[in-house]
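Each residue takes its place number in the sequence, starting with 1. Keep in mind that the numbers below use all heavy atoms, side chains included, and drop hydrogens, waters and symmetry copies.
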Amino acid sequence: MGPLSKQQRDTSKRENGKRDAARRDTAKPIAAQRDYSKRTSARLLLSLMAPYKGLLAAIFVASLADMSGMLFIPTQLSAMINVAVNTRDMSALMGHGVAMLIAAFVGSGGYLTTVYLTSRLCAKVGRDLRLRVYEASLAYSASDFNAFGTGSMITRTLSDANVVQQTLLMSILMIFPVPIMCVIAVALAFSTDVVMGWVLLAVTLAVIVICVAAVAKSAPIFTRLQGFIDNMNTRLRESITGVRVIRAFGKERHERARLDETFTDFATNAIRVNFVFALTDSITFFLMNAVEAVIMWVGADRVGAHAMQIGSISALVEYAMLIMMFLMMAQFAILQVPRALACLTRAAEVLDVRPQIADDPAPVALGSGESGEKDDEVARFDHVSMRFPDADEDTLHDLTFSLRRGQVTAIIGNTGSGKSTIARMLLRFNDATGGSLSFGGVDVRRLTQDELRRHIAYVPQKAWLFSGTIAENLRHGDADASDARLWHALDVAQGGFVRELPDALGTRVAQGGTNFSGGQRQRLAIARALVREADLYVFDDSFSALDYKTDAALRHALAGELTDAATLIIAQRVSTIHDADQIVVLKDGEVVGLGRHDDLMESCPTYRAIADSQTRGGSSHE
C-alpha cells in the first residue's frame with residue numbers, strides 16, 4: 001500500500017474529527033446520555049425471565065395449591081367447632097379432620113414445591129444477569145471500562161446481580177401471594193358475616209397504607225445505599241492494593257479517616273432504613289393484637305345476635321392473621337424492590353453501552369496469499385494517528401513504518417511518548433483515528449478482534465499471571481500445547497528456575513503471580529507468549545525486570561526462535577534493542593528517527609541523547 005495523498009489525508013482527518021466527536025459523546029457519563037427508568041428495569045427483568053415460562057407456570061400452580069390449603073384449614077376448623085358445639089356428630093367431625101389433614105399436606109407440598117422452583121428460577125436469572133454484564137464488559141474498550149470504574153463493575157457483576165436474585169425470590173414468595181390471599185380471605189369473611197367482612201377489609205386497607213408509607217420513605221434510601229456500596233468497594237480496593245504505598249508514606253491515619261467517612265455514610269443511611277422498618281413492624285404487630293381483640297369483641301356480639309356461629313370467630317381471626325402476616329412479609333420484600341430496580345438499571349447501563357471497538361458487520365478473514373506463502377509484511381502503519389476520546393490532541397501522529405517477517409523492530413522513546421499505545425493499537429485495544437493500520441494486508445478494522453488477536457502473541461508491560469498452576473498459565477497461549485512445548489518455551493524465556501521448583505509445571509501461582517519475583521513473572525509471561533504460534537510477537541517493555549545477563553541470553557534465544565514471525569520490542573534500554581533490524585524513535589507521539597542503531601547514533605539527536613544518558617549511567621555503575 002502506497003502513501004496517502006494530501007487530499008486523502010485531509011479527507012481522513014475530517015472523517016476522524018467526526019468520529020472523535022461521536023466517541024467523546026459516547027465517553028460521557030452513561031446517565032447523562034440515556035434516561036433510565038423503572039420501565040427499563042422491568043424490560044430487562046422480563047427478558048431475563050422469558051426463557052423460563054414453563055417454570056413460572058409451575059410456580060403459579062404450586063402457589064395456588066399452597067394458598068388453597070392454607071385457607072381451607074381455618075374454614076374446616078370453624079366447621080369442626082360449629083359441629084362440636086351444635087350437633088356433636090363424630091362422623092362429621094372426622095370428615096372435617098380428614099379434610100384438614102389433606103389440606104395441610106396439599107398446602108405444605110405446594111409451599112415446598114414453590115420454594116424449590118422459585119429458588120431454581122432466581123438462581124438461573126441471577127446467573128444469566130451476571131453472564132450478560134460480564135460478557136458485555138469483555139467487549140469494552142479501555143475508555144468504555146473507565147467510564148464505570150473497576151469497583152463499580154465488580155459491584156454490578158456480583159453484588160447487584162445477587163440483590164436482584166434475592167429480591168426476585170422474596171417477591172415471588174412474599175409479594176405475589178398477597179393480593180390473592182387478601183381477596184380470598186376478605187371474600188370468605190363477607191360470606192361468613194357482612195359486618196365482620198367490613199372489619200377485615202378496613203384492617204387490610206389500614207395495614208396496606210402503613211406498608212406503602214414505609215416503602216415510600218425507605219425506597220430512596222435503599223437506592224442510595226447501592227451507591228455507597230460502590231464507594232466502599234472502591235475505597236477498600238484502593239487501600240488493599242496500595243497498602244505498601246500507604247505504609248511507606250505513613251498515611252494510615254488519613255486512609256483510615258477516608259474509610260471511616262465512607263462506612264459512616266453507609267451506616268447512617270442503613271440505620272435510617274432499619275428504624276423505619278422497625279417502626280413499621282411494631283405498628284403491624286400492635287395492629288395484629290388489636291385486630292384479634294376487635295374480632296373477638298365484635299364477633300361475640302354477632303354470635304349473641306345469632307348473626308353467625310361461634311366457630312366462625314376462629315376462622316375470621318385466622319383470616320386476619322394470615323392477611324397481616326403476608327402483608328408484613330410483603331412489606332419487607334417491597335422495601336428491597338427499589339434497590340433491585342436500581343441494580344437492574346445499573347445492569348442496563350452496562351448492557352446498553354455500544355463498545356467503541358466493535359467488529360465489522362462484514363469482516364474479512366486473513367489469508368496466506370494465492371501461492372500459500374505468508375506475506376513478508378505482517379503489519380504496516382501508514383500515516384497512522386491516534387487520539388483518545390477525551391483528548392484535545394493526538395497521542396500518536398503520522399506514524400509510518402512496517403513490521404516484517406523475520407525482522408526485529410524496536411520502539412524506544414521518552415516516558416509518555418506513546419510506545420505502549422502502538423502495541424494496544426495492533427491488538428485493537430485502541431483504533432487509529434487517522435491513516436491506516438493493516439495486518440496481513442487487511443485493515444485491522446475489517447478483521448474480527450478474535451481473528452486478529454489469534455495471530456498475535458503479546459507480553460504486556462505489567463506481567464500478569466492468573467491463579468492456578470504454571471502449566472495452566474502457559475496454556476493461555478495455546479490450550480492444546482504439550483508439556484514438551486511448555487518446557488521449550490520456558491527454556492527460550494530463560495525460565496530454568498521452574499525446573500528447580502518441587503512441583504515444576506504444577507507449581508501453584510497466586511493471583512497476579514505475587515508468589516514470584518518481578519523477573520520470574522516477566523519470564524513466565526514471555527514463555528506464555530512463546531507457546532503460541534503467531535505471526536507477530538509483541539514485547540511491551542517486557543525485559544525491564546531482567547538483569548543484563550538474562551536480557552542478553554533471552555534476546556539471543558529469541559533470535560533463533562522467531563525467524564518466521566515479525567517481532568516488536570518496546571523497550572527503555574538501548575542495550576535491549578541494540579541489534580534490532582529497525583528501531584523506531586518516538587518523541588511526543590511522532591517518529592523522529594527510523595533505522596539501525598549505528599545510523600541513528602549519527603542521524604537522530606533524540607536517540608543519541610537516550611543512548612548517551614544510559615551509557616553514562618552504566619559506566620558510573622561499573
Between Q494 and T550, a side-chain donor and acceptor under 3.5 Å: no
Modelled atom types, side-chain donor and acceptor of R380 and S402, under 3.5 Å: yes
Tell me if the [atom1] atom of [X] is crowded by more than 12 foreign heavy atoms within 6.0 Å.
X: F401; atom1: CZ; answer: yes
X: D588; atom1: CG; answer: no
X: R127; atom1: CZ; answer: yes
X: R499; atom1: CZ; answer: yes

Pair R404-Q582, side-chain contact (heavy atoms from CB on, under 4.5 Å): steps then yes or no: CA-CA 10 Å; R404 297 186 177 278; Q582 176 182 233; over 6 Å; no
At what distance, to the nearest 0.5 angstrom, does [atom1] of [X] lie from [atom2] of [Y]?
X: E561; Y: H556; atom1: CD; atom2: NE2; value: 12.0 Å
X: L530; Y: R523; atom1: CG; atom2: CZ; value: 13.5 Å
X: T157; Y: R346; atom1: OG1; atom2: CZ; value: 10.0 Å
X: C122; Y: Q165; atom1: SG; atom2: CD; value: 6.5 Å
X: L447; Y: L452; atom1: CG; atom2: CG; value: 6.0 Å
X: D599; Y: Y607; atom1: CG; atom2: OH; value: 10.5 Å

For [Y], does its backbone N or O pair with a side-chain atom of [X] as donor and acceptor, under 3.5 Å?
X: R405; Y: D564; value: yes
X: K124; Y: L48; value: no
X: S385; Y: D398; value: yes
X: R453; Y: R428; value: yes
X: R508; Y: D503; value: no
X: R445; Y: A432; value: yes
X: N430; Y: M425; value: no

Side-chain heavy atoms of [X] within contact of [Y], under 4.5 Å:
X: V408; Y: I569; value: yes
X: V378; Y: F439; value: yes
X: R235; Y: E255; value: no
X: F497; Y: L490; value: no
X: E533; Y: D478; value: no
X: N473; Y: L524; value: no
X: Q572; Y: D541; value: yes
X: T345; Y: L44; value: no

Of all heavy-atom pairs between [X] and [Y], which one has the smallest distance, and what is that distance?
X: K419; Y: I412; answer: CD-C, 3.7 Å
X: V531; Y: A481; answer: CG1-CB, 3.6 Å
X: A510; Y: N515; answer: N-OD1, 3.1 Å
X: A571; Y: I577; answer: CB-CG2, 3.8 Å
X: P51; Y: S47; answer: CD-O, 3.6 Å
X: C604; Y: V585; answer: SG-CG1, 4.1 Å

Identified side chain to side chain contact (heavy atoms under 4.5 Å, CB included) counterpart of F381 within the set V584, L396, L426, V591: L426
Criterion side-chain contact (heavy atoms from CB on, under 4.5 Å) on M386 and L399, from CA distance to verdict: CA-CA 9 Å; M386 204 288 293; L399 305 185; over 6 Å; no
Whether Y458 and F429 hold their rings parallel, tilted or perpendicular, with breakpoints at 30° and 60°: perpendicular
Ring geometry between W464 and F466 (parallel below 30°, tilted from 30 to 60°, perpendicular above 60°): perpendicular
Pair D598-R596, salt bridge (Lys or Arg N to Asp or Glu O under 4.0 Å): steps then yes or no: CA-CA 6 Å; D598 293 337; R596 297 182 66 89; over 6 Å; no
R475 with D483: basic N within carboxylate O range, under 4.0 Å: yes
side-chain contact (heavy atoms from CB on, under 4.5 Å) between M49 and D128, worked out: CA-CA 9 Å; M49 297 177 66; D128 293 348; over 6 Å; no
Steps toward salt bridge (Lys or Arg N to Asp or Glu O under 4.0 Å) verdict (R454, E451): CA-CA 5 Å; R454 279 193 289 109; E451 171 84 1; 2.5 Å; yes
L586 and I422: CA distance, side-chain angles, deciding distance, side-chain contact (heavy atoms from CB on, under 4.5 Å) verdict: CA-CA 11 Å; L586 288 183; I422 292 176; 3.6 Å; yes
